[in-house]
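Note sheet for the following structure.
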Amino acid sequence: MAGKRNSKDILIEVASRLFRIRGYYGVGLKDIIEESGIPKGSLYHYFPKGKEQLAIEAVIHTKEIVIEEIERGFGEFEDPIKAIQAHIVHLSELFGERENLLGLPIGTIAAETFTTSEPIRIACQEAMADWQAIYVQKLLEANYSEKRSKELSIVINALIEGGILLSLTAKNGEPLKAIAEQIPLLLVTN
């Protein structure tokens, strides 16, 4: 839905980007206010519970961006192997675009907050479950069993999240490219 972005949308987009780049504890509300140009009062108007509430909305925002990217890529390939490989290769290419680290990574926020914020942990878990549901659907369409599709979706998600962390530390997308190369071995039919 295109249209004019309101202050709430801008706050969510800025928070989402900053959390992806710096993590939950690396970002303060002051950073979000400064980066967004939105007044402090507006932030508390939209997010009266503060940073945690904004972080949950940011995770949901990131989840939706990633879903759009996965679905767009999957629409180009009927074969799940090619679709998943293309998705992972696309992610690997984002490491050359410092400011466009798409969906990177919800895993960091989850790792930082899983013992300190149950609402953020749940939002992260739901995001990953929603991504996995797309993988499951693609595999089911290719006649993988329901059990195998669900198990493979967890493995694919874990490979991507781990590949993102490896790519972050390597400062390049090579780990994700290596994972993409191995997808045919993982997705061999029964």
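Taking every heavy atom of both residues into account, Y144 and P80 meet most closely at CE1-CG, 4.0 Å.
Between H87 and F74, the ring planes are perpendicular. Angles over 60° get that label, and only those under 30° would be called parallel.
The side-chain hydrogen bond (donor to acceptor under 3.5 Å, both in side chains) test applied to E146 returns K150, not counting sequence neighbours.
Side-chain polar atoms of Q137 and E141 form a donor-acceptor pair below 3.5 angstrom. Using modelled atom types, one finds no donor on one side chain facing an acceptor on the other under 3.5 Å when comparing S42 with S7.
Panel note: side chain Q85, backbone A180; a donor-acceptor pair is recorded below 3.5 Å. Remark: the backbone N or O of A170 is paired with a side-chain donor or acceptor of N172 at under 3.5 angstrom. With hydrogens and angles disregarded, no donor-acceptor distance shorter than 3.5 Å links the side chain of K40 to the backbone of K30. When atom types are taken as modelled, the side chain of K138 and the backbone of A133 share no donor-acceptor pair closer than 3.5 angstrom.
Connection of W131 to I154 is not established within any shared hydrophobic cluster, with ILVMFWY side chains joined at heavy-atom distances below 4.5 Å, either directly or through further cluster members.
Salt-bridge formation is not detected for the pair E181/K177: no Lys NZ or Arg NE/NH1/NH2 atom is positioned less than 4.0 Å from an Asp or Glu carboxylate oxygen. Between E13 and R17 no salt bridge is recorded (no basic side-chain N to carboxylate O distance below 4.0 Å).
Atoms CG and CG, on L187 and L152 in that order, are 5.5 Å from each other to the nearest 0.5 Å.
Sorted by first and then second residue, the side-chain hydrogen bond (donor to acceptor under 3.5 Å, both in side chains) pairs involving residues 116-125 (not counting sequence neighbours) are Y25-T116, E52-S117, E118-R121.
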